[in-house]
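What follows is one structure encoded as structure tokens, with my remarks underneath.
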Protein chains: 2
Amino acid sequence: MPKVTLEHFAQRKQQILQDCIVCFSRKGFHQTSMRDLCEALNISAGGLYRYFGSKEEIIHAMVEEDHTQWLSAFSTLSPDLSFRDSLVALAAMAEQIYTTSREINSVWLQIHAESASNPTVQKLIEQHYRSFSKMLEQVIKRAQARRELTSHFSAAVLASFIISAFDGLMMRMVVDSTVSSKKLSRDFVNIITQLTDNREDAA
Amino acid sequence: MPKVTLEHFAQRKQQILQDCIVCFSRKGFHQTSMRDLCEALNISAGGLYRYFGSKEEIIHAMVEEDHTQWLSAFSTLSPDLSFRDSLVALAAMAEQIYTTSREINSVWLQIHAESASNPTVQKLIEQHYRSFSKMLEQVIKRAQARRELTSHFSAAVLASFIISAFDGLMMRMVVDSTVSSKKLSRDFVNIITQLTDNREDAA
DNA sequence: TTTTAAAAAACGAACATTCGTTCTTTTTAT
DNA sequence: ATAAAAAGAACGAATGTTCGTTTTTTAAAA
């Protein structure tokens, strides 16, 4: 009779996805052929297509992978943390997500670029940012309520700004190899917290 | 006898480059074939190859195009401006560069992604940021000398931060169609200036 | 325990297209 | 008449995907 796999299948699929990420980060989606993938993963074409029905499907899976990774990371964030500590924790998550497998960085950037010409990807990313923004706004609003963060700017605008700054940092890390992510992200946290902390707004 | 073109040639080349940018922004470098370009530009393969020796060459030309555009924009920046006004002016330049031809945004993002797998592009971009950073540091140092800007952070770090924030903003504009660049970039200038202005550092 | 049947998993040659580029030819403008 | 400019057919290589075949794995039958 058959083989009673299920989680085994999912596990293998996950492993394949990770390997694909490495390949894509090195050569780019559209420069990496299915043949390239097969060779690198030691799998045949037919084998690979059992796990992902198309190249597109792999791309979508990568977006969702990153999305869920961030969701679960965010869920571990205690509401009791100060604004600064929340930021520090988020930066640490970014460290962990984006440097334990350094390749994700480049793939994530590629996905953003892809979204300009790929409506499906665009929709996935937009939705990712929507929920991500929401969560960050919660943190900001709590900090503002506690008066440890200036209320000069709306939570939505601040969230947008912070996300952009870190997206830009990620971009920079891909482009400039001399950037030390650890040092820079710490600098960024310092700047943001210093710049947003509450001082009896004497402007 | 020959045709005495020269600037005519350069002019046509520039026009072709602009049209390529539009095409690439809609479909992406690697999804846009030379045939696609030829059809869209109403030119033959042989004709196109007279202006650019390869697809790569077009990409390089786009990077350099953006680079020189920013260089000339920066050179118009008066040293007498306050820090805030300098930022406002820079944001206005970004507005002008990135919204008069909205497509450049997406292409610029693609170029960043490309740099991860294309050493030549990576080198071009790295060099672009190097000179861009230098110029911004000048502005920051002047503002710090005038004591209208906190000296809590080094000019290099601040420059890095500001560039990242605006790169991230650009990225966001590509990904999220609902973003109003005008409003957001103004918010960003407000945040940065508020957060970096000099108050007798009572921390 | 060994055999066996059946299905899942993996393989890899083959498919029709499409790719970037070249090259010969034709047109255009002096 | 001459040479630059444009054209577009043609090239081999490479693309994503399919599909018939082989291998492996499993659990019931012997």
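Because only heavy atoms are used, hydrogens play no part in the values below, and waters and symmetry mates are left out as well, while side chains stay in. Reminder, nothing fancy here: chain letters follow the sequence lines and each chain counts from 1.
Heavy atoms of B/I43 sit under 4.0 angstrom from primed sugar atoms or phosphate atoms, though from no base atom. Residue-level contact check: B/Y51 touches the backbone only, with heavy atoms under 4.0 Å from sugar-phosphate atoms and none from bases.
Between the CZ atom of A/F9 and the P atom of D/dT25 there is a distance of 17 Å, rounded to whole Å. A straight line from CZ of A/F52 to P of D/dT18 spans 16 Å, rounded to a whole angstrom. If you measure from atom CG of A/N42 to atom P of C/dA9, you get 19 Å, rounded to the nearest angstrom. Nucleotide D/dG8 holds its P atom 17 Å from the CG atom of B/L37, rounded to whole Å. Rounding to whole angstrom units, CD of residue B/Q11 and P of D/dA5 are separated by 14 Å. Atom-to-atom, NE2 of B/H30 to C1' of D/dA14 comes out at 15 Å; the value is rounded to the nearest Å. For B/D36 and C/dG20, the CG to C1' distance is 12 Å, given to the nearest whole Å. Per the geometry, CD belonging to B/Q31 stands 11 Å off P belonging to C/dC19, to the nearest Å.
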Heteroatom pairs (N/O) under 3.5 angstrom, protein to nucleotides 21-24 of chain C:
{"unit_1": "C/dT21", "atom_1": "OP2", "unit_2": "B/Y49", "atom_2": "OH", "d": "2.6"}
{"unit_1": "C/dT21", "atom_1": "OP2", "unit_2": "B/K55", "atom_2": "N", "d": "3.0"}
{"unit_1": "C/dT21", "atom_1": "O5'", "unit_2": "B/Y49", "atom_2": "OH", "d": "3.0"}

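Contact check, B/R12 against D/dA6: a side-chain N or O comes under 4.0 Å of OP1 or OP2. The phosphate of D/dT15 (OP1 or OP2) has a side-chain N or O of A/S33 nearer than 4.0 angstrom. Side-chain nitrogen and oxygen atoms of B/S44 include none within less than 4.0 Å of the OP1 or OP2 phosphate oxygen of D/dG8. The side chain of A/R50 contributes an N or O atom lying less than 4.0 Å from OP1 or OP2 of C/dA10.
At least one donor-acceptor pair closer than 3.5 Å links the side chain of B/Q122 to the backbone N or O of A/V175. A distance-only check finds no donor-acceptor pair linking the side chain of A/K27 to the backbone of A/S33 [under 3.5 Å]. With hydrogens and angles ignored, the 3.5 Å screen pairs a side-chain donor or acceptor of A/Q144 with a backbone N or O of A/T150. Between the B/S160 side chain and the B/V157 main chain, no donor and acceptor come within less than 3.5 Å of each other.
Nearest heavy-atom pair, A/E57 versus A/Y51, reported as atom, atom and distance to 0.1 Å: OE1-O, 4.4 Å. Taking all atoms of both residues into account, the shortest heavy-atom contact from A/E137 to A/A155 is CG-O, 3.7 Å.
How far CD1 of B/I125 is from CZ of B/F132: 12.5 Å, rounded to the nearest 0.5 Å.
In summary, A/R130 and A/E126 engage in a salt bridge, as defined by a charged side-chain N under 4.0 Å from a carboxylate O. A salt bridge is absent between B/D167 and A/R172: the closest approach of a Lys/Arg side-chain nitrogen to an acidic carboxylate oxygen does not fall below 4.0 angstrom.
Interface residues of residues 108-116 of chain B facing DNA chain D, ordered by number: none; criterion, heavy-atom separation under 4.0 Å.
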